[in-house]
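Note sheet for the following structure.
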Amino acid sequence: MYRKSFYQFLMTERNPDSSDEIAQFANNAFYDQSFPKLSENYEKLSQYLELNGNYLPTMTIFDSAWQRYLEKMQ
């Protein structure tokens, strides 16, 4: 079975008109040129966002998005 990368999943959550935190995260990640687009690794993504995700107000948003990603990939 084909697995999407986290970034590919996140792009399905984009919505410029939404105030949903995950949608906002997706909108901002879309403009992040160095986002690890092929990664499926929680640790690598988390580390990247802690160092470079200044557009992410809290890491709990990433954690929520990650949970949604895991549920969709099952």
TODO: Could you tell me whether F30 and F25 have their ring centroids closer than 6.0 angstrom?
DONE: no
Task: Listed partners of S64 passing side chain to side chain contact (heavy atoms under 4.5 Å, CB included), at least two apart - done: I22
Task: N41 versus W66, closest heavy-atom pair with distance - done: C-CH2, 4.0 Å
Open item on the list: Once rounded to the nearest 0.5 Å, what's the spacing between atom NZ of K4 and atom CE of M73?
Closed with: 5.5 Å
TODO: Give, for atom CD of Q47 and atom CG of L49, the distance between the pair rounded to the nearest 0.5 Å.
DONE: 10.5 Å
TODO: Can you tell me which residue pairs pass the salt bridge (Lys or Arg N to Asp or Glu O under 4.0 Å) test with a partner in residues 17-31, sequence neighbours excluded?
DONE: none
Task: Spatial distance of atom OG (S39) from atom OH (Y7) [nearest 0.5 Å] - done: 13.5 Å
Task: With sequence neighbours excluded, residues passing side-chain hydrogen bond (donor to acceptor under 3.5 Å, both in side chains) with Y48 - done: D32, S34
- [ ] Report the distance from atom CG of N52 to atom CG of N54, rounding to the nearest 0.5 Å.
- [x] 8.0 Å
Open item on the list: Once rounded to the nearest 0.5 Å, what's the spacing between atom CG of L38 and atom CZ of F6?
Closed with: 14.0 Å
TODO: Just say parallel, tilted or perpendicular for the rings of F9 and Y69, cut-offs at 30° and 60°.
DONE: tilted
Task: Sequence neighbours excluded, every pair satisfying salt bridge (Lys or Arg N to Asp or Glu O under 4.0 Å) that has a member inside residues 34-46 - done: R3-E40
TODO: Give a yes or no on whether L45 and L51 share a hydrophobic cluster (residues Ile, Leu, Val, Met, Phe, Trp, Tyr; joining criterion: side-chain heavy atoms under 4.5 Å apart).
DONE: no
Task: Partners passing side chain to side chain contact (heavy atoms under 4.5 Å, CB included) against N27 (at least two apart in sequence or in another chain) - done: R14, P16, Q24
Task: Exam field: side chain S5 to backbone Q8, donor-acceptor pair closer than 3.5 Å - done: yes
Open item on the list: Show me the pairs that pass salt bridge (Lys or Arg N to Asp or Glu O under 4.0 Å) and involve residues 55-68, at least two apart or across chains.
Closed with: E13-R68
